Asker: 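Okay, here's the structure, questions in a sec.
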Amino acid sequence: METRTPRGFHDVLPDEVRRWQFIEDNARRIFDLYGFSEIRIPVLEFTEVFARSLGTTTDIVEKEMYTFTDRDGSSITLRPEGTAGVVRAFVENSMHAKSPVSKLWYSGMMFRHERPQKGRYRGFYQIGAELLGPEDPASDADLIAMVWKFLESIGLSDRLTLEISSLGDQRCRPQYKEKLVAYFKPEADRLCPDCRRRLGTNPLRILDCKEEGCRKIAAGAPKMMDNLCGECAAHFGAVREYLGSAGVPYTINPKIVRGLDYYTRTVFEVTTNELGSQNAVAAGGRYDGLVEELGGPGTPAVGFATGMERLVLLHEKAHPGGFRREIKVFIAYVGEGTETAAFRLTAALRERGVPAEMEYGGKSLKSQLKRADKSGAVYTFIIGEDELSRGKVKLRRMETSSEEEVDIEAAPALSF
RNA sequence: GUGGGUGUAGCUCAGACCGGUUAGAGCACUGGGUUGUGGCCCCAGAGGUCGCGGGUUCAAAUCCCGUCACUCACCCCA
């Protein structure tokens, strides 16, 4: 048998998990502060849910989904992102009827069949949030502010850049796209092969090309920002104002392109230059048409998602060390009948809420103390035959090596 | 899907260009130095299909071919 994970999947080992928990704890705390509730949804959906949501011509749907046929013949897909499933749950449970605004967050593993590289996996964790109901620009700004607060809370904001833009809506975006294609068409043979392809599939991406030649041509291209319809322009202006008043530092990047079809109006990205080429740690935007697309009542919404592995990678660079599990008290024992006493003392300590760990099997006292040391214990109880016969145990303070005898009955009640 | 780099002990890596005894180091682990006392130090020990398969050769970790994996980048994205 193959004793390894499939390509692109990875284990998160205990030492690392502490850091994950730190990030997750802060996410939970900040989201709660902003009035978001957690929702838990399946890791798989009918394929249709993703195909309709993300757009049938997007890379994710075309070539990156883990899709299989269920026993009854239906097509099932492991979720490549979180929004589609949350919106499906929103519609299926008629959440619109329960409240004019739903604030939901989720976390869990997503699946995309991509070629792995630094910060990019086939099975990866995302934390995300969706704010459904309001169309008001204050909701865009509130969500973005929450993302920023979260990143601040884990000590990363000084290494991150927040960029925002507007993609327009059903009215102005198609017009802009045409304008863009009309601009690039005559230059097609001077574009790189990728961009010639993009001209047909996703002309907005040409603006983002890294090729020098394409960048020169793109520099003179019409900008979405200048082609927003009146309502979209007003919306974007208001979002900026709210962000400013919330003290969220952002820059405008008109070249932001999203890979999913459902985005409208506000889009944003949080990036770093410390993670190689996978530089986006969080991204999101408004998707006013998606709820209706999935069969619900017309409901505007904004949302975002962040990649846990990327956050963890960055957090490791920013704040190395400091996430080891530590036990408060270690219980060592040596001699006849001491193991039972150790077992009871350990249990009694835990009963009082003191994190305690005991030796199993009784090696030399030396090796027990070594283990105590490694466990990070502040105190070690040493139970020896002599002391035990007098109803005593030794309490060793690890840092100073000082020891004193205490009554074994009173030991669990000491203040640690 | 396309390109580059790398696979030697649990981890980080020497050894490879120039084939030649039992393949090394540091860290980690175990035991001892201390018949019941951690960290520092000293001594000892355990741990390896040199990714896998084939080829060349008297002889391959080392040279050749293939293959797999990992990794970085492109594409795309969190």
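Worth saying up front: this structure is predicted, and the values here are computed from it rather than measured.
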Asker: If you take all heavy atoms of A:Lys223 and A:Tyr176, which pair is closest and at what distance?
Answerer: C-CE1, 3.4 Å
Asker: The side chain of A:Arg120 lies closest to which of these nucleotides: B:G36, B:G32, B:G1?
Answerer: B:G1
Asker: For A:Phe124 and B:A78, what is the distance between atoms CZ and P respectively, to the nearest whole Å?
Answerer: 8 Å
Asker: Say whether, by atom type as modelled, one donor and one acceptor occur between the side chain of A:His319 and the main chain of A:Gly155 under 3.5 angstrom.
Answerer: yes
Asker: Rounded to the nearest Å, what distance is computed from the CZ atom of residue A:Phe330 to the P atom of nucleotide B:G39?
Answerer: 14 Å
Asker: Nearest nucleotide by nearest heavy atom, which residue falls closer to the 5' end of RNA chain B, A:Glu403 or A:Glu81?
Answerer: A:Glu403
Asker: Would you say the base of B:G39 and the side-chain of A:Ser401 have a donor-acceptor pair closer than 3.5 Å?
Answerer: yes
Asker: Quick one, give me the B/S/- string for nucleotides 66-72 of chain B, reading 5' to 3', where B means a protein heavy atom under 4.0 Å from the base and S means that only happens at the primed atoms, P, OP1 or OP2.
Answerer: ---SSBS
Asker: Return yes if the base of B:U34 and the side-chain atoms of A:Lys366 contain a donor-acceptor N/O pair under 3.5 Å, otherwise no.
Answerer: no
Asker: Ignoring hydrogens and angles, tell me if any N or O in the side chain of A:Glu309 forms a donor-acceptor pair with the backbone of A:Tyr125 under 3.5 Å.
Answerer: yes
Asker: For a quick test of reading the model: is some side-chain N or O of A:Lys374 closer than 4.0 Å to OP1 or OP2 of B:C29?
Answerer: yes
Asker: Scan A:Leu143, A:Leu243, A:Asp140 and name whichever one has a side-chain contact (heavy atoms from CB on, under 4.5 Å) with A:Phe268.
Answerer: A:Leu143
Asker: With a 3.5 Å limit on both atom pairs, tell me what B:U37 is paired to, counting Watson-Crick and G-U wobble, or say none.
Answerer: none
Asker: Between P on B:C11 and CG on A:Leu13, what's the gap in Å once rounded to a whole number?
Answerer: 11 Å
Asker: Just to verify, what does A:Arg310 make a salt bridge (charged side-chain N to carboxylate O under 4.0 Å, His left out) with, not counting sequence neighbours?
Answerer: none
Asker: Hey, are A:Arg79 and A:Glu81 close enough for a salt bridge, meaning a charged N less than 4.0 Å from a carboxylate O?
Answerer: no
